[in-house]
Amino acid sequence: MSGVMTSAAEAAGGPTPVRPRMRAGTAYAWHRVLARGAVTRWLARAIERSPAATRGFTSAERVSKEHLFGCRMCGQCALPATGYACPMTCPKELRNGPCGGVGGDGRCEVHPEMRCVWVEAHERAEQAGRADDLARLQRPVDQRCRGESSWLNHWQGRDECMWTEPVRPDREGVQPRSLLGRELGLTPVGPR
Amino acid sequence: MSALREALAAGRFAVTAEIGPPRGADPTVITRKAEHLRGWVDAANVTDNQGAHVRMSSLGGSVLALRAGVEPVMQVTCRDRNRLALQSDLLSAAALGVPNVLLLTGDHPRYGDHPDGKPVFDLDGVQLVWTARTMRDERRLLSGRELTAPPSWTVGTVENPFAPPVGFRARRLLKKAVAGAEFVQTQFVFDVPRFAAFMSEVRDLGIPERCAVIAGVGPLRSVRVLEHVRDNVPGTHVPDALARRLRGVPPARVAEEGVTACVETIQAVREIPGVAGVHVMAFGFEHGIPDILTRSGLGRADRSQADHTEGAVPTTVLPGGAHRAG
C-alpha cells in the first residue's frame, strides 16, 4: 500500500488499488481551503510562468499525492468526485464506478489481495455524505494531460466539464450534455 | 431494424442467448451454434475475446451469425481497443448490418491467454455507451467531427447486481441508462430474492422506462461447472442452497437438475416487475436452449401466441424506438 509497493506492482503490470492514507473528511476540508479562486488562479499563473517552478510544483504534487492516494498523475484529478479514493489505481482505470468482477467480499478482480478501489470510494463517499458524487458521468480521460499537475489545471479552469451533475432518478428522460471532446474543457496546453 | 428492439418496444418478453466465436478460422462453428438458436431467440450475443481469451472477433462472428439467420448483438469491450478503434469498429458493424451492440468494460487480460498483453481501457463501459449514443443521435465522433451517415444500432450494456458495492449497482445502471443504454443484460441470476431486491431499486430509479432489463440465466449442468462458475467467473454469486441441491442428486441426474433449476429461475424472474426478458448463457449447451425455453413457457409456439395477445402493450419505452414517449 505504500508508495514503494505501488511502484513494484506497477513494474509488474499496471495500476493497483491503493487504500488512501487520508480520511475523506480531511481531504474534502483541504479541497475547500485550496479551492479555485482569485488567489489560487494568480498563484497558478505565477507558477506556470516559470518552467522550473512548474516542474517543482508538479513534483511536489506527485510525491504528496502518491503517498496519500497512490496518485498516478493523470493530470485531471477525479478524487473530489470519488470519495478521495483514486480511480486511476483501478487496474482498468474505471472513472465511472466498479466493474462487475468485484469479489463477494469486495476484493479486486485483478489483484485479489487488494480491496476494490470503488468499494473503498463508495464507502468513503457515503461516510462523508457525498454519495451523490458517484452518480456523476465522468467524461473520458484526456491522455495528453498525463504527467501534468492537476492542481494547476484545476486552478486555471482547464478541468471544467470533466464530469456532469449527478444523474437523477427522474422520469423525464433528460439526457446529459454532449460527450464531445470540444466540451471537455480539458484542451491540453501542450508545451508551455 | 433490430428485432430485439421491436420485441422490447412491444413489451414482448425477450429472449437472447450467446454465441462464442471459435479459437480458429472455421466459420461453420458459428453457423452450427446459430442453427440451434434460429427461431428461438430474438437475438444472440457474439462475445468479444471472452474472458480475455483470443477468439475470432465479435464483428466477424456477428456477420457470420447474421448470414446464418440469427440477429447478432455484437459485444464490444474496452480492453483491447482505444477510442479510435472502438469507434471505427462500431461504424463497421453498422455498415455490415449488425443491428445491436453490447458495450462493456471487459475482463482484464491478466487472467486470459495473453497476460503479457497491454490492457487498453482508454474508455470505460459507461463512456463507451455514451460514445455510441453520441455517434448515433448526434451524428458525431468523440472528436466532434461529423459522421457522413449515422449508425442505427440498438445500444445495450451489462450490469452485475450481485457484486459489491451492492448499494451502488442500481445507481451505476442508471448512469449507463442516462448515458444511452437501451437494454441491459445482467450477470447470472442464481439468487432470485437478491435479484428481486435489486429490481425494486431499479424500478424506484425509473430505469425500466428507459432501459429494458434482461436477466442473465444459465443451467449449471455439473458440480464441476458449478464450482467453476462460483470460483472463476468474476462477480457471480451461487447460493449455497443451489449448490446443496445439485450435490444432493445422483451424479447421473445433476445435468437434468441443473436445467430444471434454470427453468425455475426463468419462471421466477419473469414474475418480477420490470424484467423485460432473459439472456440464456449455456456454456456450450446451445443445443439444449430450445428445451429450456419450451419448458419455461417461452417456446416458439408460446411466443407467437403471446404476439397476438400481448403485442400491443408496450411496457418499455426505448429511445429512438417507435414507442418513444414525449
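Excluded from the calculations below are hydrogen atoms, water molecules and symmetry mates; all remaining heavy atoms, backbone and side chain alike, are included. Protein chains get the first letters and strands the later ones, always in sequence-line order, with residue 1 at the start of each.
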**Q** Residues two or more places apart in sequence or in another chain: which of them pass salt bridge (Lys or Arg N to Asp or Glu O under 4.0 Å) with A/Arg95?
**A**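 With sequence neighbours excluded, A/Arg95 shows a salt bridge (Lys or Arg N to Asp or Glu O under 4.0 Å) to no residue whatsoever.
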**Q** So which heavy atom on A/Val110 is nearest to which on B/Tyr111, and how close?
**A**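 Nearest heavy atoms, A/Val110 then B/Tyr111: O-OH, 3.0 Å.
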**Q** Between A/Pro98, A/Gly103, A/Gly106, which shows the greatest number of heavy-atom pairs under 4.5 Å with chain B?
**A**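 Of the candidates given, the most pairs with chain B belong to A/Pro98.
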**Q** Is it the backbone or the side chain of B/Arg79 that comes under 4.5 Å from a heavy atom of chain A, or both, or neither?
**A**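 When you check distances to chain A, no heavy atom of B/Arg79 falls under 4.5 Å.
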**Q** Please give me the minimum heavy-atom distance between B/Ala163 and A/Gly100, naming the atom from each residue.
**A**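 So the two residues come closest at CB-O, 3.8 Å.
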**Q** Looking only at heavy atoms and a cut-off of under 4.5 Å, which of B/Leu123, B/Asp116, B/Val158, B/Asp122 has the most pairs with chain A?
**A**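 Among B/Leu123, B/Asp116, B/Val158, B/Asp122, the one with the most close pairs to chain A is B/Asp122.
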**Q** Nearest 0.5 angstrom please: B/Arg110 CZ to A/Glu109 CD, how far?
**A**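 It is 11.0 Å, given to the nearest 0.5 Å.
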**Q** Taking every non-hydrogen pair under 4.5 Å, which of B/Pro164, B/Cys78, B/Gly106, B/Pro109 racks up the most with chain A?
**A**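 Result: the option with the highest number of such pairs is B/Pro164.
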**Q** Between NZ of B/Lys175 and CG of A/Asn96, what distance do you get to the nearest 0.5 Å?
**A**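 Those atoms lie 4.0 Å apart.
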**Q** Which heavy atom in B/Phe168 sits nearest to a heavy atom in A/Gly97, and how many Å separate them?
**A**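 So the minimum-distance heavy-atom pair works out to CE2-CA, 4.0 Å.
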**Q** Between atom NZ of A/Lys92 and atom CG of B/Asp124, what is the distance when rounded to the nearest 0.5 Å?
**A**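 Taking NZ in A/Lys92 and CG in B/Asp124, the distance rounds to 11.0 Å.
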**Q** With a 4.5 angstrom heavy-atom cut-off, is it the side chain or the backbone of A/Arg136 that approaches chain B, or both, or neither?
**A**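 Contact with chain B: backbone only.
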**Q** Is any residue of residues 116-124 of chain A within less than 4.5 Å of chain B by heavy atoms, and which ones?
**A**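 Under the 4.5 Å heavy-atom cut-off, A/Trp118, A/Val119, A/His122 qualify.
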**Q** For residues B/Arg83 and A/Pro140, report the shortest heavy-atom separation together with the two atoms involved.
**A**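 Reported closest heavy-atom pair: NH1-CB, 3.7 Å.
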**Q** So if I take each residue of residues 25-43 of chain A and look for any heavy atom under 4.5 Å from a heavy atom in chain B, which residues do I end up with?
**A**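 Residues in range: none.
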**Q** For A/Val167 and B/Arg171, which heavy atoms make the closest approach, and how far apart are they?
**A**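 For A/Val167 versus B/Arg171, the nearest heavy atoms are O-NH1, 3.9 Å.
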**Q** Return the set of residues passing side chain to side chain contact (heavy atoms under 4.5 Å, CB included) with A/Glu93 (not counting sequence neighbours), or none when no residue passes.
**A**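 A/Glu93: side chain to side chain contact (heavy atoms under 4.5 Å, CB included) contacts with A/Pro15, A/Arg72, A/Met88, A/Arg146.
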